[in-house]
Amino acid sequence: MATERATEISQAQIAVHWKEEEYVRPTTKFVGQANLVDPAVTERFSEDHFPECFREYADLLNWSQYWHTTLDTSNPPFWKWFVGGKLNACYNCVDRHLAKYGNKAALIFVPEPEDEPVYTITYQELFTRVNEVAAVLRDFCGLNTGDRVTIHMPMIPELPITMLACARLGIVHSVVFGGFSGEAAGLRAADSGSRVMIYADGYYRNGKIVDHKPSADIAVALAEKEGQNVEKVLVWRRHYGQCLSTKPMVPGRDYFMDEVLKDFKRAKVDPISMDAEAPLFLMYTSGTTGKPKGCQHRTGGYLAYVTGTSKYYQDIHPEDVYWCMADIGWITGHSYIVYGPLALAATSVLYEGAPNYPDAGRPWRIAEQLDVNIFHTSPTAIRSLRKTGPEEPKKYNYHFKHMTTVGEPIEPETWRWYYDVVGKREAVIVDTWWQTETGGFLCSTKPALDPMKPGSTGPPVLGIFPIIYDEEGKEVATGSGKAGNICIRNPWPGIMQTVWKDDDRFVKQYYAKYCKNRQSKDWRDWPYFAADGAVGPPDGYYRILGRVDDVINVAGHRLGTKEIESACLTVPEVAEAAVIPVVDEIRGRMPVVYVSLKPGVSDGTRVKEEIVSTIETMIGKIARPKAVNIVPDLPKTRSGKIMRRVLAAISNTMDTGDVTTLANPDVVELIRRQVQGEGPVVMKEGPEDVKRFGESE
Ligand code: WTA
């Protein structure tokens with residue numbers, strides 16, 4: 001059955017999306033200056049040389065004590081990397097650059113208001129500021145190695161400064177994306193056991209001041225409700241000496257960082273030499289269940305992996321001006337704005353605001369002003385900049401040598417605009433596929449060595465050995481044109497250590513599905529299940545089809561449908577809720593809500609508004625649904641399971657398939673008419689993730 005479906009899928013896939021694209025080669029100018037030009041690297045990282053190949057990445061770092069065992073597999077799937085080694089992540093990103101690059105820009109901050117000047121933080125200044133903040137964390141907050149701190153901040157330089165200060169002391173940071181709500185931050189603070197939270201008073205977004213401090217009060221209250229006492233809230237002020245928030249500070253709990261820092265001027269805090277396996281940070285992400293999980297990343301393996309991939313795949317040299325337009329609150333920002341680039345002594349640009357503000361020329365003006373030569377963003381940002389300003393890049397005199405796309409599949413048409421217009425046919429593109437869990441890239445072309453292929457992520461990166469399985473665990477042959485679940489056969493240094501405080505969930509979520517032998521200590525028996533569908537074509541350039549679990553990828557950000565459903569169910573009038581993805585021209589996918597109401601509720605409009613505002617409060621504006629449909633009943637199987645796949649088909653005008661075996665088949669046609677109108681049924685072949693939506697249940 002599953003195999004049959006896989007065949008159907010592949011044919012549909014070929015029909016809808018798959019057209020073999022021509023290869024595009026990097027320019028000789030790019031190749032001439034690239035970090036990775038030796039084709040022998042492939043042999044060095046071949047399976048025969050696994051796991052020792054990853055020494056090449058670890059040797060990019062300074063270790064206070066060199067490791068004795070590259071990979072310890074004695075307790076699968078809890079792999080240990082660079083065992084016996086000690087290092088400090090902050091030292092590697094800051095201190096070790098001082099002798100040669102102390103006077104060089106580490107961070108360049110671009111405020112959203114265009115009339116506010118850009119400012120630069122050199123490595124020397126970064127060193128000074130990180131030390132002072134580390135002193136505050138240690139001496140004012142009483143934090144120790146291993147303690148957790150939740151940081152809920154926007155894109156201002158104090159965010160990476162705070163992260164690095166944590167890393168200096170081995171304090172585990174948990175950064176929550178600034179656009180998430182106070183509730184979402186509070187939930188994460190409680191789960192991680194943070195007794196200190198760090199905030200900013202406010203920031204600029206789309207030309208408006210966002211008052212962020214109220215989120216702190218909500219977060220602390222929610223954490224409290226969950227049993228976690230937050231003793232201190234440190235608040236960075238966006239403008240020195242004035243406050244963007246109207247919310248009062250809570251005496252004895254809230255402190256302005258600039259005021260606290262007065263007592264710590266010129267403080268120096270020695271970096272603590274951390275075990276390679278000590279956790280560096282947590283990053284919460286959505287999965288199959290309602291509760292976000294804390295992906296726990298290790299110090300040594302993670303830093304080695306992001307440094308190595310930044311050097312080889314992002315082609316970062318210390319002389320480069322590198323701008324990744326992601327938010328540090330996501331894994332892309334952690335790995336490829338902060339840790340990877342700074343470990344390589346790059347200059348990393350931080351932009352506060354919206355890419356389109358005040359107009360679609362903004363990113364290209366920034367690129368020109370700062371002479372950015374490496375640019376990194378998501379397909380959603382590219383689509384939206386293209387839509388609002390297709391000719392804008394031509395007006396500005398900047399030259400990228402390298403561009404990255406990440407977070408969602410990029411359609412060849414969008415890829416071409418990125419290549420021709422943004423990159424001016426000079427820049428190489430890497431389409432990098434990876435996940436919060438994986439720490440760094442899993443698939444990408446090697447920029448100077450492999451040709452690009454629009455719409456395909458590319459071959460696996462060095463030291464990664466993927467395999468595609470069908471639902472039964474049978475291998476789907478590369479080149480067969482069939483789709484299946486992409487897995488990684490081997491461990492790698494960037495893989496998360498575990499789910500915070502939940503080892504069982506780690507095993508269940510990522511390894512249980514395809515583990516060949518639970519007793520085995522051989523890594524070959526423990527493939528990592530990525531929860532993405534993929535096709536492996538004959539040339540080995542993987543094509544990622546999207547999530548196979550209950551995650552919706554909105555503008556390259558992961559949202560759990562179960563989290564959104566839980567939010568809907570807190571609205572008293574709602575009886576049942578189902579959330580499904582709908583294809584969106586710009587944002588890739590967006591959530592659509594279906595609810596049935598309790599008997600006797602008449603004011604549907606008010607309930608809809610209530611649902612939207614509840615979702616925004618509990619999760620954040622990013623989860624705002626494209627539509628809320630109030631329906632008489634949700635389609636269900638006879639055992640009472642909500643058929644989300646049928647709803648997804650309706651919202652995307654796709655074929656709903658056979659619904660006669662449902663408990664309430666008639667409701668499907670009713671809902672279809674309500675959503676699509678009275679007209680004839682238009683049937684569309686939809687994308688894979690939408691077609692299979694809800695099947696993981
Ligand atoms: C999707 C973001 C296609 C994928 C780094 C994955 C992609 C999820 C790509 C992880 C890509 C990421 N092409 N799909 N280049 N990159 N994805 O954890 O579905 O926020 O599982 O990590 O984004 O999202 P996350």
Side-chain angles (χ1 to χ4, degrees), residues 13 17-18 21 45 283 285-286 295 305-306 308-310 312-314 324 326 330-336 340 376-382 402-412 414-415 418 428-447 449-469 476 478 483-490 492-496 510 527-537 539-549 551-558 588-589 687-689:
Q13 195 60 42
H17 305 282
W18 194 281
E21 299 287 333
F45 278 83
M283 164 118 293
T285 191
S286 301
C295 296
Y305 197 68
V306 299
T309 49
S310 292
Y312 287 173
Y313 289 90
Q314 295 298 105
C324 171
W330 305 104
I331 192 70
T332 300
H334 276 50
S335 301
Y336 298 112
H376 186 152
T377 193
S378 66
T380 289
I382 303 166
H402 181 293
M403 305 191 300
T404 302
T405 160
V406 64
E408 8 156 14
I410 182 164
E411 14 356 304
T414 306
W415 191 99
Y418 198 31
V428 73
I429 294 182
V430 291
D431 178 348
T432 57
W433 169 68
W434 59 297
Q435 310 176 308
T436 306
E437 292 86 343
T438 73
F441 304 148
L442 293 178
C443 280
S444 165
T445 48
K446 292 182 277 307
L449 290 171
D450 305 323
M452 305 157 246
K453 189 158 88 174
S456 295
T457 165
V461 301
L462 295 165
I464 296 290
F465 306 102
I467 185 162
I468 298 181
Y469 285 122
V476 178
T478 298
N485 296 325
I486 187 163
C487 296
I488 309 299
R489 285 198 288 119
N490 61 303
W492 66 98
I495 179 72
M496 67 193 276
Y510 304 105
Y528 166 84
F529 168 61
D532 270 324
V535 178
D539 63 357
Y541 275 48
Y542 286 89
R543 167 119 194 167
I544 305 297
L545 307 175
R547 303 289 303 191
V548 297
D549 57 3
V551 166
I552 304 186
N553 191 331
V554 182
H557 303 316
R558 268 163 73 170
R589 304 281 177 274
E688 232 23 72
D689 57 317

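Computed over heavy atoms, backbone and side chain alike; hydrogens, waters and symmetry mates excluded. Source: prediction; values computed, not measured.
Interatomic distance, Met452 CE to Met403 CE, rounded to the nearest 0.5 Å: 9.0 Å. A distance of 8.5 Å separates OG1 in Thr445 from OH in Tyr313, rounded to the nearest 0.5 Å. Rounded to the nearest 0.5 angstrom, Ile495 CD1 and Thr438 OG1 are separated by 6.5 Å. With values rounded to the nearest 0.5 angstrom, Tyr418 atom OH is found 6.0 Å from Thr405 atom OG1. Once rounded to the nearest 0.5 Å, the distance linking CD1 of Ile410 with CD1 of Ile544 reads 14.0 Å. Expressed to the nearest 0.5 Å, how far CD1 of Ile486 lies from CG of Leu442 amounts to 8.0 Å.
In this structure, Ser335 and Ser310 approach most closely via the heavy-atom pair O-OG, 4.3 Å. Of all heavy-atom pairs between Thr309 and Tyr305, the closest is OG1-O, 2.7 Å. Of all non-hydrogen atoms in Ser286 and Arg558, the two that sit nearest each other are O-NH2, 2.9 Å. Gly533 and Val548 make their closest contact through N-CG1, 3.5 Å (heavy atoms, listed as atom of the first residue, atom of the second, distance). Thr414 and Pro379 make their closest contact through CG2-O, 4.5 Å (heavy atoms, listed as atom of the first residue, atom of the second, distance). What you find for Val476 and Ala483 is that their closest heavy atoms are CG2-O, 4.3 Å.
For the pair Trp434/Ile331, a side-chain contact is recorded, criterion being any heavy-atom separation below 4.5 Å from C-beta on. Looking only at side-chain heavy atoms (C-beta outward), Ile382 and Trp415 stay at 4.5 Å or farther from each other. Within the 4.5 Å cutoff, the side chain of Val461 has no heavy atoms near those of the Phe45 side chain. Between Thr478 and Tyr542, some side-chain heavy-atom pair lies under the 4.5 Å cut-off.
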Full working for side chain to side chain contact (heavy atoms under 4.5 Å, CB included) between Gln314 and Val430:
CA-CA 8 Å; Gln314 295 298 105; Val430 291; 4.0 Å; yes
Please test Cys324 against Thr332 for side chain to side chain contact (heavy atoms under 4.5 Å, CB included), starting from the C-alpha separation and ending with a verdict.
CA-CA 8 Å; Cys324 171; Thr332 300; 3.9 Å; yes
Between Leu462 and Lys446, is a side chain to side chain contact (heavy atoms under 4.5 Å, CB included) present by the stated rule, with each step listed?
CA-CA 9 Å; Leu462 295 165; Lys446 292 182 277 307; 4.3 Å; yes
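Judged purely by distance below 3.5 Å, without hydrogens or angles, the side chains of Trp433 and Asp532 pair a donor atom with an acceptor atom. Under 3.5 Å, the side chains of Glu21 and Ser456 contain no donor-acceptor pair of N or O atoms. Neither side chain, Thr285 nor Glu437, offers a donor N or O lying under 3.5 Å from an acceptor on the other. Looking only at atom types and distance, the side chain of Gln435 has a donor-acceptor partner in the side chain of Tyr528 under 3.5 Å away.
Distance alone, capped at 3.5 Å, places no donor-acceptor pair between the Asp431 side chain and the Pro454 backbone. A donor-acceptor pair is defined here as one N or O able to donate and one able to accept, closer than 3.5 Å; no such pair exists between the side chain of Arg589 and the backbone of Ile552. Remark: side-chain polar atoms of Ser378 are not paired, donor with acceptor, to backbone N or O of Gly556 under 3.5 angstrom. In terms of modelled atom types and a separation under 3.5 Å, the side chain of Asn490 and the main chain of Gly463 share a donor-acceptor contact.
Within the 6.0 Å centre-distance limit, the rings of Phe441 and Tyr336 are counted as a close aromatic pair.
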